[in-house]
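Residues: numbered from 1 along the sequence shown. Computation of the quantities below employed the complete heavy-atom set of this structure, encompassing side-chain atoms and omitting hydrogens, waters and symmetry-equivalent molecules.
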Amino acid sequence: MDDVYRNSSLKCSGLDDVYRNSSLKCSVVRRRGADGRIPVRTLDRGASSSAAAAEPTGYPGGPYDTSLLVKYEHHVARHIWFGEERGPKKELKVAGHGLKLNSRVPLALPPQMESWVSRSGLASLQRTSLNKIDTNLVSAFVERWHLETSSFHMPFGEMSITLDDVACLLHLPIRGIFWSPQDVTEELAIELAVDYLGVSQSQAQSHVRSCRGSYYKLEWLYDIFVHHRAASNWAYATRAYLLMLVGSTIFADKTFTLVEARYLLLFRDLDGCSGYS
């Protein structure tokens with residue numbers, strides 16, 4: 001028989017595919033299907049076997065009911081359960097710019113810039129980047145994160161990151177206007193660099209084209225920051241500084257060297273950017 005019922009008094013444990021029914025005080029061993037799923041039957045007291053005709057399918061080590069976590073079949077946790085490491089991409093890389101940030105972004109700014117940076121609410125990001133990152137710890141959380149619920153599924157229950165966590169850990173403003181970044185074309189990225197970073201049309205066009213998309217290189221932003229600071233062009237220098245700061249911390253991505261041009265839209269009005277959440 002496919003279904004073997006063992007009394008809990010036998011204390012059978014350590015089986016990969018054992019599901020315990022607390023109401024019946026027994027263990028149910030299921031055979032794994034060809035697709036890796038395990039058929040699950042739930043039998044209440046007094047219920048007949050015919051009542052379990054409809055059999056929802058679940059995953060070993062995963063959810064019984066797949067109607068919520070519909071993407072679990074492709075989740076990294078499922079690959080790990082079957083001993084497939086992390087699936088097609090076995091190595092997890094963490095994007096961290098701690099060393100670059102410390103060398104490029106000075107903590108001491110001219111008073112003309114310090115006022116804008118302080119009012120923006122982003123000054124705390126200067127001290128939040130890590131030089132060393134525990135990849136194993138990050139991997140453990142990634143394996144427990146589910147996009148459908150936007151939460152970590154831990155052994156003790158679900159856990160999510162709240163705005164209060166953001167305020168306590170990063171000291172970022174969480175009250176204000178909600179801003180959703182819009183996609184920008186390469187042409188618009190060039191215009192933004194000319195208008196708000198104070199570079200020439202040819203220089204902006206050449207740089208954006210070299211990035212093969214609507215991006216700016218962090219090294220390029222640093223050069224702009226140094227140039228405008230020396231020339232006392234404080235607005236341009238501050239925008240380059242803030243864009244470099246968020247591009248190295250909260251908006252860092254897997255490119256490790258680029259920041260999306262659309263984030264420059266946040267700093268068009270240096271006096272008003274503090275109003276964003």
Side-chain angles (χ1 to χ4, degrees), residues 13-20 36 58-66 68-107 121-174 181 215 217-219 221-222 242-260 263 277:
S13 60
L15 299 175
D16 288 348
D17 304 335
V18 175
Y19 295 81
R20 299 188 179 279
Y59 288 99
Y64 294 167
D65 184 358
T66 58
L68 176 60
L69 300 180
V70 295
K71 299 180 180 179
Y72 186 82
E73 183 176 359
H74 307 289
H75 198 278
V76 62
R78 180 173 178 270
H79 290 288
I80 294 174
W81 179 268
F82 288 112
E84 300 173 359
E85 295 296 333
R86 300 187 59 82
K89 298 181 179 179
K90 297 182 179 181
E91 184 179 358
L92 177 68
K93 295 183 178 180
V94 181
H97 298 283
L99 294 176
K100 294 179 181 178
L101 183 66
N102 292 338
S103 62
R104 293 175 179 170
V105 181
L107 292 177
L122 301 174
S124 62
L125 294 178
Q126 297 169 320
R127 299 177 297 276
T128 57
S129 188
L130 300 176
N131 294 332
K132 295 183 179 180
I133 299 175
D134 190 338
T135 305
N136 294 327
L137 178 62
V138 177
S139 299
F141 277 103
V142 169
E143 292 159 10
R144 290 162 176 77
W145 174 266
H146 290 273
L147 185 63
E148 297 91 333
T149 58
S150 293
S151 61
F152 298 99
H153 290 218
M154 310 298 286
F156 52 81
E158 291 187 44
M159 181 176 68
S160 186
I161 300 172
T162 67
L163 287 177
D164 185 63
D165 296 327
V166 175
C168 292
L169 297 176
L170 299 181
H171 305 286
L172 294 177
I174 60 174
Y215 301 95
K217 292 181 181 179
L218 294 173
E219 187 69 36
L221 292 174
Y222 177 72
L242 290 174
L243 189 57
M244 182 170 48
L245 183 61
V246 298
S248 301
T249 51
I250 56 176
F251 295 149
D253 60 23
K254 61 183 180 181
T255 64
F256 289 85
T257 58
L258 304 175
V259 58
E260 294 186 53
Y263 296 127
S277 172

(request) Using modelled atom types only, decide if a donor and an acceptor are shared between the side chain of Ser151 and the backbone of Ser160 within a distance under 3.5 Å. (result) no
(request) Show your working on side chain to side chain contact (heavy atoms under 4.5 Å, CB included) between Ile250 and Leu172 and close with a plain yes or no. (result) CA-CA 10 Å; Ile250 56 176; Leu172 294 177; 4.2 Å; yes
(request) Supply the atom-to-atom distance Thr249 OG1 to Met244 CE, rounded to the nearest 0.5 angstrom. (result) 11.0 Å
(request) Identify the heavy atoms of Leu218 and Phe256 that sit nearest to each other, and give their distance. (result) CD1-O, 4.2 Å
(request) Please tell me if the side chains of Phe251 and Glu260 come closer than 4.5 Å, counting only heavy atoms from C-beta onward. (result) no
(message) Test of understanding: with side-chain contact (heavy atoms from CB on, under 4.5 Å), list the residues that count as partners of His146, not counting sequence neighbours.
(response) Leu69, Tyr72, His75, Glu148, Thr149, His153
(message) With side chain to side chain donor-acceptor pair (under 3.5 Å) as the criterion, how do Asp253 and Thr255 come out once you've worked through the C-alpha distance, each side chain's angles and the decisive distance to 0.1 Å?
(response) CA-CA 6 Å; Asp253 60 23; Thr255 64; 2.5 Å; yes
(request) Taking ring-ring contact (aromatic ring centres under 6.0 Å, His included) as the test, write out the residues that go with Phe152, two or more places apart. (result) Phe141, Trp145
(message) Please determine whether side chain to side chain contact (heavy atoms under 4.5 Å, CB included) holds for the pair Lys217 and Thr257, giving the CA-CA distance in whole Å, both sets of side-chain angles, and the decisive distance to 0.1 Å.
(response) CA-CA 6 Å; Lys217 292 181 181 179; Thr257 58; 5.5 Å; no
(request) Could you walk me through whether Thr162 and Asp165 pass side chain to side chain donor-acceptor pair (under 3.5 Å), step by step? (result) CA-CA 5 Å; Thr162 67; Asp165 296 327; 3.1 Å; yes
(message) How long is the straight-line distance from SG of Cys168 back to CD1 of Ile174, given to the nearest 0.5 Å?
(response) 8.0 Å
(request) Please report the shortest heavy-atom distance between Leu245 and Leu122, naming the atom on each side. (result) CD2-O, 3.4 Å
